[in-house]
Amino acid sequence: MTTTVLDPTGDLLALTRALCDIPSVSGDETAIVDAIEAALRRYPHLEVLRDGDALVARTSLGRAERVVVAGHTDTVPIADNLPTTVVGSGSEAAVWGRGTVDMKGGVAIQVALAAALTAPTRDVTWVFYDHEEVEASLSGLGRIARNHPDWLAADFAVLGEPSNAGIEGGCNGTLRVEVRVPGVAAHSARSWMGVNAIHGAAEVLRRLAEYEAADVEVDGLVYREGMNAVAISGGVAGNVVPDECVVTVNYRFAPSTSVAGAEAHVRELFSGFDVTLTDAASGARPGLDDPAAADFAATALAFTGGVPAPKFGWTDVARFAELGIPAVNFGPGDPLLAHKDDEHCAVAQIQLCHDALRSWLTS
């Protein structure tokens, strides 16, 4: 396979498109990481380290402060939306395609600034990691934290997740459970001899439909929770009454709630059913009262405007919080367009976030 050649010093839009156009669905990140590694190893001011498909490039200039700037290289599955296209021109231009929002625009900024900033005022650790869009146990960032914790040592972290070029503090926690509904198998021609588990799932769905999600204020930011069925399975054949139905439920909970508290809440909601926890990750409080976070927010928002907002989705700011490193989300793209078939990002936002981050790292 031929490695795509990236030009970190060229046009930022061209770099973004080149990164997007390398298919990198979770589990298939090797090609894009190879390309980023080849591009950054050309710069003597960077020490480049790799663990599987996770890559670190860092300066060691003896600065008083070190910051991590991190982004994931994987995407959700492609939906006939690659290669990228550009629609509009000038200030109205937008780049369309899988990954433009989540989050190759942010990764392009990382690659460009890693190459360009030979003498930042803070030492910088640029982190590119795999398997963000799947279960937390596979995360490349988690693997680095386990295998090479010194690679992530820092005073502050910026995660390039899409935030509409604003500052999004903290993030909701997330967990998934399987709610099992039992039944009794029977021939469908004699269905009265069985108990239909799929019919029984109506009670699970009723509880979900009637559930009122909370808005929770945490350190001045209001996080919106959510409880949703995300999958349902049952049945073995077209003439058999199913003896089991499984409803997979995803709960997004405010960062003031622990994983244990969230799990207890879900189990209470589905009392009377067999509930199995399959995946969970805690949220992160905003942390904007940290001096480094406040300083970054002031610089970034001077460029982009607006006020800090909560991050409703889960991001790896939570992982940095577990490491004791304050972190914020800051990147181009509207989070509401992440994972959508019509995913697209304003070109002006990519440049704006690039300029804001560069200003902070050189001021």
Side-chain angles (χ1 to χ4, degrees), residues 65-72 101-103 105-106 109-110 122 124-125 127 129 132 136 139 141 145 152 154-175 213-226 251-259 261-262 281-338 349 352-354 356-357 359-361:
E65 185 180 43
R66 177 173 290 277
V67 59
V68 165
V69 182
H72 63 84
V101 170
D102 194 9
M103 53 164 287
I109 292 169
Q110 289 181 251
R122 300 162 172 83
V124 188
T125 302
V127 180
Y129 60 98
E132 191 273 347
S139 167
L141 189 63
L152 297 179
D155 302 290
F156 178 60
V158 177
L159 195 65
E161 288 279 357
S163 63
N164 247 340
I167 298 290
E168 291 187 333
C171 69
N172 276 335
T174 181
L175 64 76
D215 290 344
V216 182
E217 183 174 341
V218 181
D219 300 340
L221 299 181
V222 178
Y223 293 83
R224 181 176 298 174
E225 297 191 333
Y251 178 35
R252 301 292 177 135
F253 54 93
S256 55
T257 300
S258 67
V259 168
S282 59
R285 301 180 77 92
L288 292 170
D289 54 349
D290 180 86
D295 180 62
F296 174 74
T299 300
L301 295 178
F303 273 79
T304 67
V307 295
K311 171 64 80 175
F312 295 132
W314 187 91
T315 76
D316 278 302
V317 294
R319 203 176 297 276
F320 284 111
E322 290 178 354
L323 295 173
I325 302 170
V328 297
N329 303 283
F330 177 72
D334 182 350
L336 297 179
L337 294 173
Q349 276 199 6
L352 189 63
C353 290
H354 170 279
L357 186 56
S359 175
W360 183 67
L361 290 172

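The figures here come from the full heavy-atom set of this structure, side chains too, leaving out hydrogens, waters and symmetry mates.
- Taking each heavy atom of Ala154 and Val68 in turn, the nearest pair found is CB-CG2, 3.6 Å.
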(Q) Could you go through Asp219 and Leu288, starting from their C-alpha distance and side-chain angles, then the distance that decides it, and tell me whether this counts as side-chain contact (heavy atoms from CB on, under 4.5 Å)? (A) CA-CA 9 Å; Asp219 300 340; Leu288 292 170; over 6 Å; no
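- A side-chain donor-acceptor contact under 3.5 Å links Asn164 and Gln349.
- Shortest non-hydrogen contact noted between Ala254 and Val216 is CB-CB, 3.6 Å.
- Inter-residue side-chain proximity for Leu301 and Pro308 is flagged as met; some heavy-atom pair is nearer than 4.5 Å.
- Here CG of Asp295 is found 7.5 Å from CD of Glu65. Values are rounded to the nearest 0.5 Å.
- The two residues Cys171 and Tyr223 make their nearest non-hydrogen contact at N-CE2, 4.0 Å.
- Under the ring-ring contact (aromatic ring centres under 6.0 Å, His included) criterion, Phe296 pairs with Phe156, Phe330, Trp360, sequence neighbours left out.
- Contact between Pro286 and Val218 at its shortest, heavy atoms only, is CG-O, 3.5 Å.
- Closest heavy-atom contact between Leu175 and Ala262: CD2-CB, 3.6 Å.
- The shortest distance between side-chain heavy atoms of Leu352 and Pro332 does not fall below 4.5 Å.
- Residues Ile109 and Leu357 form a side-chain contact, since some pair of their non-hydrogen atoms from C-beta on lies under 4.5 Å apart.
- Across all non-hydrogen atoms, the minimal contact from Gly331 to Cys353 is C-SG, 3.6 Å.
- Expressed to the nearest 0.5 Å, how far OG1 of Thr257 lies from CZ of Arg252 amounts to 14.5 Å.
- For the atom pair CD (Gln110) and CE (Met103), the distance works out to 5.5 Å, reported to the nearest 0.5 Å.
- In this structure, the side chain of Ser163 does not engage the main chain of Glu168 through any donor-acceptor pair within 3.5 Å.
- For Tyr251, the ring-ring contact (aromatic ring centres under 6.0 Å, His included) test picks out Phe253, His265, with sequence neighbours left out.
- Remark: Lys311 NZ to Glu161 CD distance equals 6.0 Å, nearest 0.5 Å.
- One distance of note links OG of Ser256 with CG of Asn172; it measures 9.0 Å at 0.5 Å rounding.
- Taking CG of Leu141 as the start and CG of Leu159 as the end, the distance is 8.0 Å to the nearest 0.5 Å.
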